[in-house]
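A short worksheet on the structure shown next.
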Amino acid sequence: MTVRVQTQDFDAGLEISQLRNARKDIGAVVSFIGQVRDLNEGDAVSQLTLEHYPGMTEKSLEAIVSQAKSRWNIFDALVIHRVGTLQPLDQIVLVAVSSAHRGEAFKACEFIMDYLKTEAPFWKKEVTNFGERWIDAKLNDDDARERWVK
Amino acid sequence: MTVRVQTQDFDAGLEISQLRNARKDIGAVVSFIGQVRDLNEGDAVSQLTLEHYPGMTEKSLEAIVSQAKSRWNIFDALVIHRVGTLQPLDQIVLVAVSSAHRGEAFKACEFIMDYLKTEAPFWKKEVTNFGERWIDAKLNDDDARERWVK
Amino acid sequence: MQMTNMNIKIFYFARLKETLKFSTEDLELADDDFAGTLTILKLKAHLAKRNDTWQQMLMGKLKVRGAINHELVDDNAPIADGDEVAFFPPVTGG
Amino acid sequence: MQMTNMNIKIFYFARLKETLKFSTEDLELADDDFAGTLTILKLKAHLAKRNDTWQQMLMGKLKVRGAINHELVDDNAPIADGDEVAFFPPVTGG
């Protein structure tokens, strides 16, 4: 289990490749890449800045991954999240999960993203033609998280 | 939309990177890699051979991807499936889906895999210590597919 | 009464191909090989008459799926002259 | 009656940090700043007394989440001497 918070970009292909080659009993690797869109709420976005809470961020991501590991039969999970200033098409986040069979990897990967979106202390501020604005949390992210609460 | 059936290996990182860089309004890319496990039904697997039905295979994969595109708001989808003789850790299949938001990409990617597993004409034969054997279809793959039938 | 012959192409895959030792064949069927419309089930029954192996593989315990012109179909699907038919076990790719 | 003072560290993030023009502060609280146990809500109310901006940011319409020692907590969570407290809007990463 690896959690990294960093300003620099990452090589998603290399990370996924290392994860899938780590064990010979891996049958499935599901991964998610989140990236900066050039459009948000109908406005052109030229730049995105990600702030976070050092210390709590890592702890929060590790707790989310541990929870995923306790709920599903997965081998390993990796989360890389960038902070700082990004442009459209820049990668923001990579989540990759390995398991013997696909169902568990799909569920664990989506679970990690849904919890990351609602619990990990990151905040986005975007620059549009109308100036800078903090992005508001979305209600449907709360709904996505609620699906996992039994 | 791209569907490829090939004997040679593929560079998952490159394929995912091309997909995610194709449009600036992509916010999410979900991908699945299936690979050969060194263990199946408790027996050590040394080799796997994949047979398919040329012509029908491509048509079937294209129909599955089209169905995913009509059900979810996704931008693009890619399916690469290998045939021929493979070893443990070799990649078998890559499915990658791009969309504005993650929920649609997760659903479409898992849908494509669940349908591929039950409808695309591929057959696996594995070599174990006990000789060669055709792999039997799994009932839980039928169940996985049934979830998508409304 | 008019006699019509049908020509179809058949493919076999995986366990079927291996056991029947047939990968593909061109088959001509006479009207009295099938009553009325030829279906996947009728074609299986016709082929099963060849010998015990064919009987076991096509009409036995093995689940056999059929395709017509590259589309998965069920046992009652009608086969037309010139069609490409395929028989194979449930698929196991991915 | 015994007087106990508390020392805590507070962090502010995103919109709160920007508007309050505070990223972090060390705060000493006297017993009479809070009745009984200090909670997230009591601390918010205490800080809100500073001026209208603080009032609006911490007790206004903006949804503010609190963390104690790097754990998300709700308004009733108790704060102990030496704790690291943080206030921020709902998160928007990923």
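Just so we're on the same page: letters track the sequence lines, and every chain starts at 1. Predicted model, so just to flag it, every value in this text is computed and none were measured.
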Salt bridge check: are D:Lys17 and A:Glu51 linked by an N-O gap of less than 4.0 Å?
yes

Considering only heavy atoms, which portion of A:Asp136 lies under 4.5 Å from any heavy atom of chain D: side chain, backbone, both, or neither?
both

Kindly confirm or rule out a cation-pi arrangement of A:Arg145 over A:Phe111, judged by NZ or CZ under 6.0 Å from the six-membered ring centre and within 45° of its axis?
no

Between the side chains of D:Asp33 and D:Lys42, is the shortest nitrogen-to-carboxylate-oxygen separation below 4.0 Å, so that they form an ion pair?
no

Within residues 66-105 of chain A, which positions have a heavy-atom distance to chain D below 4.5 Å?
A:His81, A:Ile92, A:Val93

Between A:Tyr53 and D:Phe11, is the ring centre distance below 6.0 Å?
yes

Side chain, backbone, both or neither: which part of A:Thr118 has a heavy atom under 4.5 Å from chain D?
backbone

Please determine whether a side-chain nitrogen of the Lys or Arg among A:Lys138 and A:Asp143 lies less than 4.0 Å from a carboxylate oxygen of the Asp or Glu.
no

Interchain contact, D:Ala14 with chain A, by part (heavy-atom threshold 4.5 Å)
both

Between A:Glu15 and A:Arg4, does at least one N-O distance fall below 4.0 Å, as a salt bridge requires?
yes

Bottom line for A:Lys125: the part with an atom under 4.5 Å from chain D's heavy atoms is side chain

My understanding is that only one of D:Asp83, D:Ile68, D:Leu38 makes a side chain to side chain contact (heavy atoms under 4.5 Å, CB included) with D:Leu43; could you say which?
D:Leu38

Which region of A:Lys124, side chain (C-beta onward) or backbone (N, CA, C, O), has a non-hydrogen atom less than 4.5 Å from a non-hydrogen atom of chain D, or is it both or neither?
both

Measure distances from A:Gln35 to the heavy atoms of chain D and classify the residue's part below 4.5 Å as side chain, backbone, both or neither.
neither

Side chains of A:Lys117 and D:Val91, heavy atoms from C-beta outward: is any pair under 4.5 Å?
no

Grab the two heavy atoms, one from D:Gly94 and one from A:Met113, that are nearest each other, plus how far apart they are.
CA-CE, 4.2 Å

